[in-house]
Amino acid sequence: MAGWRTLIVTSDARLVVRDGNLHLERDDRQLTLPIEDIDTILIESPQGSVSVPVLSELATRGIALLVVDRKHTPCGVLLPYAQNPRIPPLLQAQIDLTEPFKKRVWQRIVQQKIRNAARCLDELGRPGSEKLRQIAATVKSGDSTGREAYAAREYFKFLGPGFKRRSESSTSAALDYGYAVVRAAVARSLASTGLQCALGVGHRGAANPFNLADDFVEVFRPFVDLMVFSQPPQTERELTSEYRSYLLSTLRLECSIYGNAYCISTAAQEVAESYARAVLARDHRKVSLPELVGGEVRRYE
C-alpha cells in the first residue's frame with residue numbers, strides 16, 4: 001500500500017522516477033520525495049508532464065494520480081489494476097453475487113452514511129442528529145422505502161439552512177470538489193484490491209464504470225461536509241488554490257473502523273479489502289465501514 005503524503009502539482013513541473021524517488025523537475029529547481037511516502041498525486045497544472053514509466057511505477061505501487069478539468073475539479077484517476085492475482089476469482093464472485101447480498105450491503109452503507117451525517121451535525125453544533133439516527137434505524141434491506149433520500153433532505157435542511165445543493169455557489173463547488181477527491185481515492189482502493197468498479201450494489205448504472213466506488217463513497221460524504229461547513233469558502237468566485245489544498249487534506253481526516261483509527265485514504269483501502277473478503281465469503285457482515293468520530297477536524301498534514 002502507498003504512503004502518507006498528498007502531493008499537489010500546480011506548476012509546469014516534469015515528474016520523473018529515479019532511484020526509488022519521485023523527482024519534480026523545473027528549469028529553476030527540483031524537488032525529490034521518497035516514492036514510498038506518497039499516497040496521492042493531484043496534477044493541477046495543464047503544463048504538467050508525466051511519462052509512461054512514471055504512470056506504470058505509480059500504478060504498481062498503488063499511488064493515486066488525479067487530473068483535473070478546466071474548473072480544477074478532479075475528473076480522472078489512474079487505477080492500479082496491474083499485478084493483482086485476485087482479479088479473476090473476485091470478478092467471477094462479483095458477477096455471481098445474489099440480490100440479498102447486494103441489498104444487505106446497500107442497507108449497511110445507507111445506515112452508516114446517515115449515522116455519519118448525524119455525527120457531522122453534532123460536530124458542527126447543528127440540531128437534527130437524533131432525527132437522522134432515528135431514520136437510520138428504519139433503513140430496510142436494499143433501502144426499499146427510500147430512507148436515504150428522505151434523510152438527505154432533512155440533513156441539508158439542518159446542515160445549511162437556505163443552502164441549495166445543486167446551486168452555482170462556491171459552497172456547492174467545494175462539496176463537488178471534496179466528493180470527487182474522495183471518490184477517486186475509493187476507486188483507487190477498489191481497483192488495487194482487484195475489484196471491478198463497474199459492478200455496484202446500490203448504484204447500477206449501465207454506463208457508469210464506477211458504480212461500486214459511488215456505493216462506498218456515500219459513507220465518506222459527511223467527512224467532506226464537515227470540512228466544508230466548518231470552514232466554508234470565503235468567496236463566491238472560483239475556489240482558491242489554498243482552499244482546494246484544504247479540501248484535498250480531507251484524505252488525512254481521522255475516522256474509526258471497529259474502534260481502530262484510520263485516515264480516510266487508508267480507511268478506503270480497508271473498506272475495499274473488507275468488501276473483497278465479503279464477496280469471496282458471500283457474507284455481507286464482513287464489510288467494514290468508516291465511522292465519523294472526534295470532537296474536531298484533525299489532519300495529519
Side-chain angles (χ1 to χ4, degrees), residues 1-26 29-45 48-68 74 76-87 90 178 180-195 197 213 216-217 220 223 241 244-257 260-277 288 290 298-301:
M1 183 54 192
W4 52 274
R5 287 181 182 271
T6 300
L7 179 65
I8 307 175
V9 181
T10 58
S11 68
D12 57 352
R14 184 167 66 99
L15 275 65
V16 177
V17 173
R18 189 185 306 124
D19 299 327
N21 294 312
L22 180 70
H23 302 266
L24 278 74
E25 299 178 344
R26 289 185 53 180
R29 60 178 177 169
Q30 176 174 306
L31 173 66
T32 300
L33 295 171
I35 198 166
E36 62 265 23
D37 289 353
I38 301 171
D39 174 77
T40 302
I41 300 173
L42 176 66
I43 299 180
E44 281 214 325
S45 170
S49 174
V50 185
S51 66
V52 172
V54 171
L55 294 175
S56 177
E57 186 72 17
L58 298 179
T60 300
R61 292 175 176 268
I63 298 171
L65 176 73
L66 285 71
V67 294
V68 302
V77 60
L78 176 67
L79 297 180
Y81 276 113
Q83 300 179 6
N84 194 322
R86 291 196 298 181
I87 291 177
L90 266 176
V181 166
V182 175
R183 183 181 190 241
V186 171
R188 180 275 308 269
S189 297
L190 293 169
S192 66
T193 303
L195 290 158
C197 290
F216 285 110
V217 81
F220 291 102
F223 293 88
S241 60
R244 293 197 299 273
S245 177
Y246 165 73
L247 291 175
L248 194 60
S249 69
T250 302
L251 297 176
R252 304 268 74 80
L253 275 177
E254 188 176 280
C255 65
S256 173
I257 297 178
N260 297 313
Y262 295 81
C263 67
I264 296 300
S265 60
T266 56
Q269 189 65 36
E270 174 59 24
V271 169
E273 292 285 351
S274 74
Y275 183 68
R277 292 192 295 270
S288 301
R298 288 181 285 203
R299 290 182 283 166
Y300 294 108
E301 64 175 339

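Along the sequence shown, residues carry numbers from 1. These numbers were taken from a predicted model, which means no experiment stands behind them.
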Given side-chain contact (heavy atoms from CB on, under 4.5 Å), test R252 with T6 step by step and report yes or no. CA-CA 9 Å; R252 304 268 74 80; T6 300; 2.9 Å; yes
If you round to the nearest 0.5 Å, how far is [atom2] of [Y] from [atom1] of [X]?
X    : Y    : atom1 : atom2 : answer
E273 : T266 : CD    : OG1   : 12.0 Å
L90  : R277 : CG    : CZ    : 11.5 Å
R183 : C197 : CZ    : SG    : 9.0 Å
Q269 : L190 : CD    : CG    : 8.5 Å

Taking all heavy atoms of [X] and all of [Y], pick out the closest pair and write down the distance.
X    : Y    : result
L247 : T250 : O-OG1, 2.6 Å
C255 : P290 : SG-CB, 3.9 Å
L55  : L78  : O-CD2, 3.4 Å
S265 : D39  : CB-OD2, 3.5 Å

Polar side-chain atom of [X] near backbone of [Y] as donor-acceptor pair, under 3.5 Å:
X    : Y    : result
T60  : S56  : yes
S274 : S288 : yes
T193 : S189 : yes
S245 : S241 : no
R188 : I63  : no

Tell me if the CG atom of D19 is crowded by more than 12 foreign heavy atoms within 6.0 Å. no
With side-chain contact (heavy atoms from CB on, under 4.5 Å) as the test, would you mind laying out the steps for R244 and E44 before giving the verdict? CA-CA 10 Å; R244 293 197 299 273; E44 281 214 325; 2.7 Å; yes
For L22 and V16, what are the C-alpha separation, side-chain angles and deciding distance, and is it a side-chain contact (heavy atoms from CB on, under 4.5 Å)? CA-CA 6 Å; L22 180 70; V16 177; over 6 Å; no
Against V181, only a single residue in I264, V186, L251 fulfils side-chain contact (heavy atoms from CB on, under 4.5 Å); can you say which? L251
Determine the sole option in L42, L65, L15 for which the side-chain contact (heavy atoms from CB on, under 4.5 Å) test with V9 is passed. L15
Check whether any side-chain heavy atom of [X] lies under 4.5 Å from a side-chain heavy atom of [Y], and answer yes or no.
X    : Y    : result
F223 : V182 : no
R14  : R26  : no
E254 : Y262 : no

Take I43 and I41 through the side-chain contact (heavy atoms from CB on, under 4.5 Å) test and state the conclusion after the steps. CA-CA 6 Å; I43 299 180; I41 300 173; 4.1 Å; yes
Electrostatic pair E57:R18 at N-O distance under 4.0 angstrom: no
